[in-house]
Every structure is written in structure tokens, then in C-alpha cells.
Amino acid sequence: MVQTFSPGDEVIVTNCDHEANIGPWINMEKSGIKVKFWNINPETLELDLDVLDKLMTHKTRLVAFTHTSNILGTINPVKEITKFVHDRGAMVCVDGVAYAPHRLVDVQELDVDFYALSFYKVYGPHYSLLYVKQKHLERLPGINHFFIGNNEGAYKLQPGNVNYELSYGLLGVTDYIEAVYNHHHSHKSQSLHEKANSVFKVFAQQEEKTVSILIDFLKNFKSIRFIGKVSADGNLRVPTISFIADKMKSSEIPPLVDKHKIAIRYGDFYARRLINDLGLAEKEGVVRISLVHYNTEEEVEGLLRVLDIVL
């Protein structure tokens, strides 16, 4: 990307992203690119467009932000942000890693320029994906052999052969979508996209049920501070729930829960800038509970019984 930018150009990043969508852009400062931070509102923990408006100039080339914070669980309005940025002549790069396990991603509907995710988060192999609009792909210089021209699409960005085993393993993702669809629906003639759309709606409904139980417990627990939206609304959040406890460091809690054969984790989850800006470093980050569609209400209630003892 740096080869298509010029010294003095500007890139905007957020303080609520995984470092993977911050650090690489900051490294471009070595080439004379100016990097600015779009910080979340410390009260609402949301990204405000009026703040972005003040940061953007005629030199802004790209705004990098997350679809969903892997700490807060908040779903950012990607389509709205993207239009806002495009109207001001810049591109967007969206990290969808924490969003893709929970909702179907439609890059054309969102109109994003770049979108990245990890397939292992979407019930597949440990493989990554980067979507790039064709017009941007054509402009990017390649990193492959000198005889692989710029007109050879994504192949010019490939440093070697693909991993065939992992590539073939991606079929398991579509197999899973088909299986879930067939379990819940009798109509079989829809396209894979239509089936995936139906399946992810089922995922969202189940996740909203389970996360509502968890949120109701946490918001009424006086020794806990909830980090993020205190809402189970699937339009606002995914079921990634973070909290801190008044009298315990975050590192103390998961080992106590582990004994009950329930896995929750603590730390900054590579969103260290957000943890630092929220003043949570002394707590050793947050305790994070990551639910997905296959978690049951009974499992969540079992976790709550354990938390009631531990906390």
C-alpha cells in the first residue's frame, strides 16, 4: 500500500481495533505517511463521525477501523462510515475478524474497499482472507516474481503457492452452512448465499437469547463493571462480553473458572491501545466471555453459577 501513497498523505486508525489493523499503518510513518487516531468516545465507547470529520482532510487516503471490537462487542455502522469516508474522497480498510463468526458479511452491500478476516473464526481452517475492490487491486504493485504482471489479479500478491490442505479445508465452511440450513429449513432450492443468509439469522437469534442471560446477570452484579453496551440487541452487538471485577485482577478469574471445565479468558486480546486508553492495564485487561451460536442457555447458566461463586 505504501507504494501507492506519497509522503504527506494521511491514514486514520482507531484506538479500538486489534493491533493488526493499527500497527501496519503506523509503520507507514517511516515512509512519510501521517497517521492520526480516531478515538472512541470514552463515555459511549462508540466511534463518532463528527470526530472523524474533524480528522479528515484533503490528504486523507484511508480510514482503517473494525467492524466489531473484539473487546466491546459493538457492531460499528460500517456502511454508514464507509459512505462518509467515500464522500470525502478516501478509502476504508475494515477488520471483520470479530464480526464474521456472528453475521454474514456482504462486502458489496457495505461498499468497502478492503475487508479482512480469519477463516478459523468462521468455523474453518487457520487461513486468512483479504477482499480488495478490483480497481484498487489493479493499482497495487505485486510482490510475486518479476514476470508476474500487475494484470494477474491477486496472484501478484501471492509470495508462494497456497496451502492446499487449508484451501481444501475451506469447503468445510460451506458444508457446515448447508448442514445447519438443512436442519432448520425444508426448502432446499436456494442458492448458497441465500442459505448462508438464513443460517446467520438463526445464529443471531440464538446468540441474542444466550447473551441476554449473561448480560442480565452481569449488570446486576454490583462487584462487576461491564465494558461495552449493556444490551443484548443483535443489531448493536455480537455476544463478545467483557468485564472487570472490583476486587480482583482479571488474570485471577479465568483460572478459577477453568477448574469447572469452562473456558473464559483475560487480557488485552491484542487491542492493547484500547485497554490502555480505558485505564484497564492495571487490571491486567478484561475478562472476556466469547459466546457463539452453538452455546446453549444451559451452558451460560452453568457459567453464571460458577461466576456467582468465584466473584
Side-chain angles (χ1 to χ4, degrees), residues 1-72 74-99 107 110-118 128-133 135-143 157 267-281 285:
M1 181 65 78
V2 71
Q3 298 97 325
T4 64
F5 289 173
S6 302
D9 285 347
E10 298 173 355
V11 171
I12 296 173
V13 299
T14 80
N15 69 334
C16 62
D17 271 73
H18 188 289
E19 189 63 18
N21 201 26
I22 301 175
W25 304 113
I26 290 179
N27 285 340
M28 291 174 63
E29 289 180 323
K30 300 172 185 175
S31 301
I33 309 303
K34 184 176 181 180
V35 179
K36 299 177 179 179
F37 270 89
W38 178 18
N39 293 335
I40 61 170
N41 184 314
E43 295 181 1
T44 65
L45 301 183
E46 294 180 344
L47 291 167
D48 294 337
L49 285 178
D50 59 341
V51 175
L52 178 60
D53 191 31
K54 294 174 183 177
L55 291 171
M56 293 190 71
T57 73
H58 69 282
K59 293 184 178 181
T60 304
R61 298 291 175 260
L62 181 137
V63 179
F65 62 98
T66 185
H67 202 149
T68 297
S69 165
N70 71 335
I71 297 289
L72 306 172
T74 305
I75 299 175
N76 289 317
V78 171
K79 188 173 182 179
E80 180 184 0
I81 296 172
T82 298
K83 184 180 186 306
F84 187 90
V85 172
H86 284 172
D87 287 347
R88 287 154 181 78
M91 301 177 290
V92 300
C93 178
V94 181
D95 175 1
V97 170
Y99 179 86
V107 291
L110 297 173
D111 197 28
V112 291
D113 301 287
F114 305 90
Y115 196 99
L117 59 86
S118 299
S128 61
L129 176 145
L130 174 64
Y131 163 81
V132 184
K133 274 186 177 178
K135 65 180 180 179
H136 301 320
L137 180 61
E138 291 172 356
R139 291 178 57 226
L140 290 174
I143 60 173
L157 300 177
D268 58 39
F269 301 97
Y270 293 90
R272 184 165 299 180
R273 297 174 197 270
L274 177 60
I275 293 299
N276 289 342
D277 289 351
L278 294 179
L280 300 176

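Note: hydrogens, waters and symmetry copies are ignored here, and every other heavy atom, side chains too, is used.
- Residues Leu62 and Ala90 approach most closely at N-CB, 4.0 Å, considering heavy atoms.
- Ile26 contributes atom CD1, which lies 13.5 Å from atom CD1 of Ile33 (distance to the nearest 0.5 angstrom).
- Looking at every heavy atom in both residues, Phe84 comes nearest to Arg88 through O-NH1, 2.9 Å.
- Salt bridge Lys54/Asp50: absent, no basic N to carboxylate O contact under 4.0 Å.
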- Message: Apply side chain to side chain contact (heavy atoms under 4.5 Å, CB included) to residues Lys133 and Asp111 and explain how you reach the verdict.
- Response: CA-CA 9 Å; Lys133 274 186 177 178; Asp111 197 28; 2.8 Å; yes
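- Taking OG1 of Thr68 as the start and CD1 of Ile75 as the end, the distance is 5.0 Å to the nearest 0.5 Å.
- Residue Phe5 holds its CZ atom at 5.0 Å from CE of Met28, rounded to the nearest 0.5 Å.
- Summarising the geometry, atom CG belonging to Asn76 is positioned 5.0 Å from atom CG belonging to Leu47; distances are rounded to the nearest 0.5 Å.
- Shortest non-hydrogen contact noted between Ala64 and Asp17 is O-OD1, 4.3 Å.
- A donor-acceptor pair under 3.5 Å links the side-chain atoms of Asn41 to the main chain of Thr44, judged by distance alone.
- When the options Tyr99, Tyr270, Phe65 are evaluated for a ring-ring contact (aromatic ring centres under 6.0 Å, His included) with His18, the one that passes is Tyr270.
- Of the possible donor and acceptor atoms, one in the side chain of Thr14 sits under 3.5 Å from a partner among the backbone N and O of Cys16.
- Here the shortest heavy-atom pairing between Ile40 and Asn15 reads N-OD1, 3.0 Å.
- Val78 places a side-chain heavy atom less than 4.5 Å from the side chain of Val112.
- Atom CZ of Arg272 sits in a sparse spot, with 12 or fewer heavy atoms from other residues, nucleotides or ligands closer than 6.0 Å.
- At least one side-chain heavy atom of Ile12 sits under 4.5 Å from a side-chain heavy atom of Met56.
- In this structure, the side chains of Leu52 and Val63 come closer than 4.5 Å at one or more pairs of heavy atoms.
- Across Tyr115 and Gly96, no two heavy atoms sit closer than the pair OH-CA, 3.3 Å.
- Contact of the Thr60 side chain with the Leu55 side chain is not registered, since no non-hydrogen atoms from C-beta on lie closer than 4.5 Å.
- To the nearest 0.5 Å, atom CG of residue Asp95 and atom NE2 of residue His67 are 10.5 Å apart.
- Minimum heavy-atom separation, Pro141 to Thr4: CD-CG2, 3.9 Å.
- Counting heavy atoms from C-beta on, the side chains of Thr82 and Leu110 never come closer than 4.5 Å.
- Here Thr57 contributes atom OG1 and Lys34 contributes atom NZ; the two are 7.5 Å apart, rounded to the nearest 0.5 Å.
- Within the 4.5 Å cutoff, no side-chain heavy atoms of Val97 are placed close to those of Asn70.
- The main-chain N or O of Val92 is found under 3.5 Å from a side-chain atom of Asp113 such that the two form a donor-acceptor pair.
- When atom types are taken as modelled, the side chain of Trp38 and the backbone of Leu49 share no donor-acceptor pair closer than 3.5 angstrom.
- With a 6.0 Å radius and a threshold of 12 heavy atoms from other residues, nucleotides or ligands, Lys36 has its NZ atom above the threshold.
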